[in-house]
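I have placed the structure first, in the form of structure tokens, so that the comments after it can refer back to it.
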Amino acid sequence: MYRVRLWAVKRSRFMESLYNRFNPVILTVMRGVTKVFGKSLDRPITVVEAGVKGFLFDCKMCGDCVLSSTGMSCPMNCPKTIRNGPCGGVRDNGHCEVKPEMRCVWVAAWDGASRMKGGDAIKEVQTFVDSSKQGSSSWLNIIREDANDN
Amino acid sequence: MTTNLTPDIELVGTNPGDPLAYLPDHVSFGRFERILRAGRFAVTTEIAPPDSADPDEVLRRAEIFDGAVDAINATDGSGANCHLSSMGVCAVLTRNGYSPIIQISCRDRNRIAIQGDVLGAAAMGVCNVLCLSGDDVSVGDHPDAKPVFDLDSITLIKTIRTMRDKAQFLSGRKLDAGPSLFIGSTINPFAPPFEHRIHQLAKKIDAGAEFIQTQYCFDIEILKTFMTRAVDMGLSERAFILIGTGPLASAGSAKWLRKNIPGVHIPQPIIDRLAGAEKPKLEGRKICIELMQQIKEIPGVKGIHLMAFKQEKYAKSIIQKSGVLAGRKPWEPSDFDFTRQVPTKIALEKAVKRKTK
Ligand code: SF4
């Protein structure tokens, strides 16, 4: 939801601390769940993630979540899906070149990042989005990648 | 004004149709990079690609800049309108000795197509590439097209750096020969979020951009603030920054530009000046010349990117009158003799053999 998304970015500092507190918990739970149930609960987990993050951030389930590096503004809402924005077309009022009624996702992102403790993460270059992960759960992707790395 | 031809012939070679000798610390074999690294103030411009398959039309459009610019940008479906491709324009230009900058936008192609085109461009003798996000399809003449945006401008820079520096594709698969391209990107200091644009410039340079061309500058004060920060952060030393500008035809067209071209910012006093002028077109060129002269004086600026949309025929006189080249005359095809051929080692060896026979 657009309104909720703007609200979340405005409270990026709060959302960040919430995220920092809950993310490890979620990931631990996920690790436990997948250990016991394997892949059988992937679908419901994905639905839950899509519901929660969809409500708060208009999450597009790219499966490659970078919210904490983008001021809590989901870059997949940018019509050009830019992961290192903004583009050069931002309007004078800070709205999007493509959708004039929407605040530029990246104006919001830099704004949100400036209020966050770890906001400097936005200055790092984000690498290529992995399109093969589209529609999958980033929670599950993170724990499985971690497990693969170890 | 005096024109000194000789020093630059040493710098750029007598026959730009041939590959230039390797110079240390240079990444390409092109003239544009040499001019910048030699500390010359550079001027670039852009060609409006024709809606035509006629190569002569490309040459006609390039010709009007002869002897006035160091490189010519070949736009890639700018404004999301369909035209002759930037690859096609570049191929025609390099065959005729010109030094084009191929623009690659992320709108129309995914990483597979782009990487193929990067190799293609380098094989055609293109030495410079400009990485852009691209205007959205909704603003162009095919709003029903599917936008791609697989990469963004920064990941595109990284892609080409990977291909050039590591001689491999993004997949890690090895290239037999990497593309020797001088890599650039764009920045728009004149659109929000103003205070963060400088960090975005830093990101582009971190990703590997070696030169930068900006959006139209009509507001010197914003530019000065931006450049002061760029100098303070050492960014103007890490990449060559060229500032975009251009002549406005009238108050009406300035307003149109401001309204319809994303990210173009024109301050009201400039529009008032055009509106009050007896000959607005002439006034527009005067404003452009003044802007160019002011831009050149700003610390950290290494060149100007002149976008003379629909006023290309005046570009040369604007550049000459502004004096930004300080009497230097960039290479022009009529000065030299060249072969209508893509320079390849094999072709060159054959030519040498023929000569020595
Ligand atoms: S203006 Fe902002 S949201 Fe719109 S396309 Fe550009 S970066 Fe994306």
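Letters A, B, ... are given to chains in the order of the sequence lines, protein chains preceding strands, and every chain is numbered from 1. Atoms considered below: every heavy atom in the structure, side chains included; atoms not considered: hydrogens, waters and symmetry mates. Every value quoted in this text rests on a predicted model; they were computed, and no experiment measured them.
- By the neighbour-count criterion of 12 heavy atoms within 6.0 Å, atom NZ of A/K133 is densely surrounded, having more than that number from other residues, nucleotides or ligands.
- In the displayed structure, A/K35 atom NZ is contacted under 6.0 Å by at most 12 heavy atoms of other residues, nucleotides or ligands.
- Only the side chain of B/R111 comes within contact range of chain A, judged by heavy atoms closer than 4.5 Å.
- In A/K10, the NZ atom is not crowded: 12 or fewer heavy atoms of neighbouring residues, nucleotides or ligands sit closer than 6.0 Å.
- At a 4.5 Å heavy-atom cutoff, B/T186 makes no contact with chain A through either its backbone or its side chain.
- By the neighbour-count criterion of 12 heavy atoms within 6.0 Å, atom CD1 of B/I112 is sparsely surrounded, having that number or fewer from other residues, nucleotides or ligands.
- For chain A, the nearby parts of B/A207 are the backbone and the side chain; heavy atoms of each come within less than 4.5 Å.
- Between A/P86 and B/P192, the closest heavy-atom pair is CG-O, 4.5 Å.
- The part of B/L170 that comes within reach of chain A is its side chain, from C-beta onward, which places non-hydrogen atoms under 4.5 angstrom from that chain.
- Residue B/D135 touches chain A through both its backbone and its side chain, counting heavy-atom pairs closer than 4.5 Å.
- Open room surrounds CZ on B/F309; 12 or fewer heavy atoms of other groups in view lie less than 6.0 Å from it.
- Inspection of non-hydrogen atoms places A/P79, A/K80, A/T81, A/I82, A/R83 of residues 64-83 of chain A under 4.5 Å from chain B.
- Contact count against chain B (heavy-atom pairs under 4.5 Å) is highest for A/V125 among A/D92, A/I122, A/V125.
- Looking only at distances, no side-chain donor or acceptor of B/K203 sits under 3.5 Å from a matching main-chain atom of A/G85.
- Taking the side chain as every heavy atom from C-beta outward, B/R197 and A/V90 approach each other to under 4.5 Å.
- A pairwise comparison of heavy atoms in B/P262 and A/G89 identifies CB-CA, 3.7 Å as the closest pair.
- The shortest distance between side-chain heavy atoms of B/K158 and A/F128 falls below 4.5 Å.
- Of the inter-residue distances, the one linking B/H199 atom NE2 with A/W110 atom CH2 reads 6.0 Å to the nearest 0.5 angstrom.
- For B/S153, no part lies under 4.5 angstrom from a heavy atom of chain A.
- B/D150 places a side-chain heavy atom less than 4.5 Å from the side chain of A/S131.
- Each of B/I154, B/N188, B/T159 has some count of heavy-atom pairs under 4.5 Å with chain A, and the biggest count is that of B/I154.
- More than 12 heavy atoms of other residues, nucleotides or ligands sit less than 6.0 Å from atom OH of A/Y2.
- Residue-environment remark: CZ (A/F55) stays at or below the threshold of 12 foreign heavy atoms within 6.0 Å.
- Chain B forms the most heavy-atom pairs under 4.5 Å with one residue out of A/N93, A/V107, A/D111, and that residue is A/V107.
- Here CG of B/D206 is found 11.0 Å from NZ of A/K123. Values are rounded to the nearest 0.5 Å.
- The distance from atom CD of B/E195 to atom OG of A/S114, rounded to the nearest 0.5 Å, is 7.5 Å.
- Distance CG/A/N84 to CG/B/L156: 11.5 Å, rounded to 0.5 Å.
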